[in-house]
Amino acid sequence: MNYWLMKSEPGTFSIDHLAKAKSRTTGWDGVRNFQARNYLRSMQEGDLALFYHSSCEVPGVAGIVKVVREGYPDKTAFDPKDHHYDPASKADAPRWYAVDVKLERKFDRIVALDELRKYEKGKLKDMVVLRRGNRLSITPVTKSEFEFVRSLV
DNA sequence: GCCAACGTTGGC
DNA sequence: GCCAACGTTGGC
């Protein structure tokens, strides 16, 4: 059982979109970064992730999602009409992967990046998303980091 | 809109 | 294999 942080731009897909989705579940596709792809593929059913809103007015953690389907080829890479189309990804040798996640809990409030930074010298001192220059859309989170963030709500 | 911090691409 | 150019991310 591992823990993660997954970024999404709420203007494109927010936690409320997920709350309204069928079975409160969505395919997490469109990831086009190899390191993030590797993390996606290493996710296991039952893993939990912090759902993070990025590139928005109040960046921060909006809730918790659970991995309900492990890595499978990202079909958006095969579709020339899709924004995430990648001709280098072939059906018999897929380059990109997706997982399915289900909304586990929407926080009553956003745990803002500002708030997380209060602990960047303490409990969250190794949290990847707080590191300078971090841009990865999927990052690992330790159990204690995960539980600490959850305890803030 | 700015810009730092990357990751990727492609010429050599 | 190097590295400049380019594109993207994401906080501010």
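Residue numbers start from 1 in every chain, and the chains themselves are labelled A, B, ... in the order their sequence lines are given, proteins ahead of strands. Excluded from the calculations below are hydrogen atoms, water molecules and symmetry mates; all remaining heavy atoms, backbone and side chain alike, are included.
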message = Distance alone, cut at 3.5 Å: any donor-acceptor contact between the side chains of A/Arg32 and A/Thr76?
response =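 Indeed, the side chains of A/Arg32 and A/Thr76 share at least one donor-acceptor pair under 3.5 Å.
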request  = Go through the side-chain N and O atoms of A/Trp28 and A/Asp100 and say whether any donor and acceptor fall under 3.5 Å apart.
outcome  =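 A/Asp100 and A/Trp28 do not have a side-chain donor-acceptor pair below 3.5 Å.
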Ring center gap for A/Phe34 and A/Trp96 short of 6.0 angstrom = yes
query = Contact class for A/Arg32 vs. all strands (heavy atom < 4.0 Å): base, sugar-phosphate, or nothing?
reply =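 Touches nothing.
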Report the distance from atom [atom1] of [X] to atom [atom2] of [N], rounded to the nearest whole Å.
X        : N      : atom1 : atom2 : value
A/Glu115 : C/dG11 : CD    : P     : 16 Å
A/Lys7   : B/dC6  : NZ    : C1'   : 11 Å
A/Leu136 : B/dA5  : CG    : P     : 16 Å
A/Arg132 : B/dC6  : CZ    : C1'   : 11 Å
A/Phe34  : C/dT9  : CZ    : C1'   : 17 Å
A/Asn33  : B/dA5  : CG    : C1'   : 13 Å
A/Asn134 : B/dA5  : CG    : P     : 13 Å
A/Arg95  : B/dT8  : CZ    : C1'   : 10 Å

query = Which angle, rounded to 10°, do you find between the first-five-pair axis and the last-five-pair axis of the helix from B/dG1-C/dC12 to B/dC12-C/dG1?
reply =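 The end axes of the helix from B/dG1-C/dC12 to B/dC12-C/dG1 are about 10° apart, to the nearest 10°.
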ask   = Parallel, tilted or perpendicular: which describes the rings of A/His17 and A/Phe13, with under 30° parallel and over 60° perpendicular?
value =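 Parallel: the ring planes of A/His17 and A/Phe13 meet at under 30°.
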ask   = In terms of ring plane angle, is the pair A/Phe146 and A/Tyr3 parallel, tilted or perpendicular, where the classes change at 30° and 60°?
value =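 Plane angle between 30° and 60°, so tilted.
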Any idea which of [options] is nearest the [X] side chain?
X        : options               : value
A/Gln35  : C/dC12, B/dG7, C/dG10 : B/dG7
A/Ser54  : B/dA5, B/dG7, C/dG10  : C/dG10
A/Arg135 : B/dT8, C/dG11, C/dT8  : C/dT8

task = With sequence neighbours left out, write down each residue that passes salt bridge (charged side-chain N to carboxylate O under 4.0 Å, His left out) with A/Arg117, or none if nothing qualifies.
result = A/Glu120
request  = Sequence neighbours left out, what passes salt bridge (charged side-chain N to carboxylate O under 4.0 Å, His left out) with A/Lys106? Give chain and number order.
outcome  =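 A/Lys106: salt bridge (charged side-chain N to carboxylate O under 4.0 Å, His left out) contacts with A/Asp16.
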query = Reckon A/Tyr52 has a side-chain N or O less than 4.0 Å from the OP1 or OP2 of C/dG11?
reply =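 For C/dG11, OP1/OP2 do have a side-chain N/O of A/Tyr52 under 4.0 Å.
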